[in-house]
> 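Here it is: the structure, laid out below.
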Amino acid sequence: MIIMVVSLGFILINSLDLQYIAYFRFQEEHYFQEVQTNLSELQEPLEKYLTDRSSVALARLLFLIETIREKVPPTRPISSDETYLMKREIYFLIDAYLSQVNQIIEMKRGRKVIEYIDSYNELRRLYAHISTEINQVSLHGFRVQLAEYRNFLGLFRRIQYQNLILIIVATAFAYTLLMQMVNRITKPMQQLSNMASQLSNGNFALPDLHFSSVNEVNQVASAFNHMKSSIHHYISELKKQKKMEQQIMKGRVQNLRMEQLLKRMELYTMQAQMNPHFLFNTLNTGVQLAIVEDADRTADFMENLASLFRHNIRGKKFFVPLGHEIEGLRSYYAILQIRFPKNLKLVLDIDETLLDGYNCPAMILQPLVENSVLHAFNHTEKVGTITVRVHLEDPVLVISVADDGVGIMQEVVNELLTPHTHDYQLGPKVMGLENVIQRCYFFYPDQKDVIDIRSAPGKGTEVIIRIHTEVEPCIEL
Amino acid sequence: MERLLRLATPLLGVIVLVLLFFSLRLMVTNRFSVSAQENAVDTKSFQYAFFLPGSDNAFFDGLKQGAFEAAKEMDCAVIFHSLTSGSLSFEMASYSGANGVAVFSYGNDGTMVSNLEKILKKGVPVVQIENEIVSSPSSVLIGTNSYDSAKGIAKIALSSEKPRFNIALIYSEKNPALLQDSNLFEIGIKSVLGDRLSRLYTEQTTFNPIDAEGVIYELLRRFPSVDIIALTDTNDTLVAIQAIIDLNLVGKVQIIGFGDDETIEEYVDKGVVLGSIVRNPFEIGYRAVAALKEINTNGNTSAYVNTPISLLTGKTTAPSRENDSP
């Protein structure tokens, strides 16, 4: 912009120069024309004065003399310029002319007739010469002016070409500069746009933008980088919270299912208790009847049966003292000995010192023994032996129920030892071995060896429960 | 594209600055600028007016060049006026403010003399070139000695190896100095040729640049014995050469010319012209300004300044001209 202004100013100055030269020339021409006119005007009053001594003519004459004298420059330095020298000569000639006019006036006053007539003739010749010289100066000046004008036009044309080139180059320069400035703005904006697009797709792992642009764009980029980091941080936090909420929800669902399972187990227990109460009362009635009728063996049987039921309808507890569990087992033994007096042998190998000091899940021994009675000796004629052992492998309380029956196939063992998931649907028959196994897993979820079955077809079966006495079960006792 | 822009911007910027610099310099330093015009007037100490005949030839061109050169060296300014009939320049020279006047006067008429006396009366220093028409303590004569010029013509005539000479001497109003000193001039010729000069005819041409042709025709018709024609003006010499060629007298009539015009030199080389008397107009112009300057500064100078002549002959080609100055 500055360059354009300078260029145009340059052209303007040269144009003014051209005008100045023309004005200067014409001014000089005009000046000499004026002087020539004044000299011409001077002739009439001079002749009139010389003819009739008119005071009006004299006044006019003196006025014109002063007028012309004022127009002639007082200082006339010498120059080598021919035109200037010609003008200088004219100034001196005019001086001489005016002096001679004054002399003639004095001569006229002094009535020196011959002298002023001769001087007047000389004056006329001088006037003619001045006119000729002025015409020559004009002609010479005109010729010089033409030559100068031609030279000036050449110079002006050169200047115009030079300025044209200057303007073209300046325009190209301004264009490139503008494009650079535009690029400095648009390129960062494009980068910002790309980054915004990436961010909108959820890609926050982008490096920060760093570029050198105008201050406003730099500030936008800085704010953009800050915004990207903030959004990234907030989204990460949200994800963490969501994950935590999901985990909490999962835990809640698990708890709900456990509660549901417990309630169902409790229900089953209550259902199981309903009949024993009724049977217990009935059995007591039967015991009294047997005593009245002197049937002692029946009375013992029914008393043991009643004792078993009493044991089964215990308080609502998941864990019971080991002695209580063994007591129930003994009642069940008495009944079994009456039921199977010849082909079933029951062996109790129990460390009596452990009975009062340790707890175990309620109702685990009787179902295991019952399971052996029901399934271990099918299709066999031999006397079956069921051995119950309780001993301490400090700190593990080991309870095992073994039989020498037909054994269980390994696939069945594996199936039985598989812990049920939360969504496992309990069947109507949940009592027995499976019940005991799943309850052990439930109480000790972190102890995979809490229960084990060692069995092989024809070699009997041993169910071993290992209760870590220092580990609390996962449910309140 | 971006790289191109990055390279183009500083490059174009530099070009713009360079162009701008040259433009500004041109604007400030060109001779039409206001500042240049303000400084255009170079003040000189003295102004001298030269009054020369209106004829335009190499002699006066050389004289002007000499005067210009001297003015430049001596801090003076010179202006040239034409001594044409009807011009009042010379008559009014005393009013023109000139510090000195140099005049190549011709024609010994009363007007020229009275005008010159009028200038001298005004106390303006005067240099008379070649021809002294007014003797004054305030006047200096600068020019070629007529006697020397005559001896130069005689020496050139001797180079023709003729036993005797019938010479026609053509004076001219264009060279009034020799015309005025005709007696001295003829004595100079006779002093060199002695008895070998059979006859010396004299004729005269006017200011008419071509009237020499008629004079030559008439001369040869009346005096067929003429074998050498000596001229005292350059134009007359050129016209005479053409006349001799037209009359088919080349070799029979030989020409002794005046001046060192290029055509004269050519005919000297061809043998049509026996030789030529060459004055030094540059020296004359130069010494005229120097004399005026000396009068202005010291109040006086030598009353007579002789400028040497040289001889242009066929044997001595232009670069080795014979200097015949005393």
Side-chain angles (χ1 to χ4, degrees), chain A residues 3 6-7 9-11 13-14 16-18 20-21 24 76-82 84-86 88-97 99-100 122 125-126 128-130 132-133 136 148 151-152 155-156 158-159 162-163 165-167 169-177 179-180 183 187, chain B residues 1-2 4-24 26-28 30-37 40-49 68 71-72 75-81 86-99 118 122:
Chain A
I3 291 166
V6 170
S7 300
F10 180 54
I11 294 170
I13 288 169
N14 279 283
L16 291 175
D17 258 10
L18 180 63
Y20 174 79
I21 289 169
F24 183 71
R76 297 146 196 175
I78 301 168
S79 167
S80 57
D81 180 65
E82 188 183 1
Y84 192 86
L85 290 177
M86 290 172 77
R88 186 172 182 271
E89 284 189 347
I90 290 172
Y91 299 146
F92 277 104
L93 290 171
I94 291 170
D95 278 350
Y97 181 86
S99 297
Q100 202 148 345
E122 173 82 1
R125 294 172 69 77
L126 185 55
H129 181 56
I130 290 170
T132 306
E133 287 294 300
Q136 278 190 350
E148 290 281 284
N151 291 335
F152 187 84
L155 175 71
F156 199 68
R158 187 178 154 199
I159 289 169
Q162 203 161 324
N163 275 290
I165 296 169
L166 179 64
I167 289 170
V169 176
T171 306
F173 171 67
Y175 174 76
T176 56
L177 199 64
M179 289 304 292
Q180 255 197 340
N183 274 356
K187 194 179 174 188
Chain B
M1 183 64 182
E2 195 178 340
L4 185 67
L5 276 177
R6 213 179 302 138
L7 289 173
T9 305
L11 184 66
L12 288 170
V14 169
I15 294 172
V16 166
L17 288 177
V18 169
L19 285 172
L20 193 62
F21 168 75
F22 280 114
S23 291
L24 289 174
L26 182 64
M27 187 172 68
V28 172
N30 81 77
R31 65 193 184 91
F32 295 103
S33 72
V34 175
S35 58
Q37 285 175 11
V41 178
D42 51 334
T43 309
K44 303 291 182 184
S45 302
F46 301 104
Q47 176 185 343
Y48 301 127
F68 273 129
K72 201 161 72 177
D75 192 32
C76 301
V78 289
I79 182 168
F80 294 90
H81 294 284
S87 170
L88 296 171
S89 295
F90 189 57
E91 183 184 342
M92 302 298 167
S94 57
Y95 302 129
S96 67
N99 300 107
K118 186 176 164 186
K122 287 271 185 180

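Here is the naming used below: chain letters follow the sequence lines, and residue numbers restart at 1 for every chain. Note that this is a predicted model, so its numbers are computed, not measured.
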> Less than 6.0 Å separating the ring centroids of Tyr97(A) and Phe92(A)?
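Between Phe92(A) and Tyr97(A), which both carry aromatic rings, the centre distance is not below 6.0 Å.
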
> Would you please say whether a donor-acceptor pair under 3.5 Å links the side chains of Glu89(A) and His81(B)?
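A donor-acceptor contact under 3.5 Å links the two side chains.
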
> So which residue, Thr132(A), Leu126(A), Leu177(A), ends up with the most heavy-atom pairs under 4.5 Å with chain B?
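Answer, by heavy-atom pair count under 4.5 Å with chain B: Leu126(A).
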
> Can you sort out the partners of Ser87(B) under side-chain hydrogen bond (donor to acceptor under 3.5 Å, both in side chains), two or more places apart, ordered by chain and number?
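Once residues adjacent in sequence are excluded, the partners of Ser87(B) under the side-chain hydrogen bond (donor to acceptor under 3.5 Å, both in side chains) criterion are Ser89(B).
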
> Measuring heavy-atom distances to chain B, does Ile165(A) have an atom under 4.5 Å in its side chain, in its backbone, in both, or in neither?
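For Ile165(A), backbone and side chain are both near chain B.
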
> Tell me, for Glu122(A) versus chain B, whether the close heavy atoms (under 4.5 Å) come from the side chain, the backbone, both or neither.
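Interface part for Glu122(A): both.
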
> Ignoring hydrogens and angles, tell me if any N or O in the side chain of Arg76(A) forms a donor-acceptor pair with the backbone of Arg88(A) under 3.5 Å.
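No; judged by distance alone, with no hydrogens or angles, the pair does not exist.
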
> So what's closer than 4.5 Å to chain A heavy atoms on Ala49(B): side chain, backbone, both or neither?
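Only the side chain of Ala49(B) comes within 4.5 Å of chain A.
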
> Can you list everything that forms a ring-ring contact (aromatic ring centres under 6.0 Å, His included) with Phe46(B)? Sequence neighbours excluded, please.
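Counting only residues at least two positions away or on another chain, Phe46(B) forms no ring-ring contact (aromatic ring centres under 6.0 Å, His included).
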
> Measuring heavy-atom distances to chain A, does Val18(B) have an atom under 4.5 Å in its side chain, in its backbone, in both, or in neither?
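Neither the backbone nor the side chain of Val18(B) comes within 4.5 Å of chain A.
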
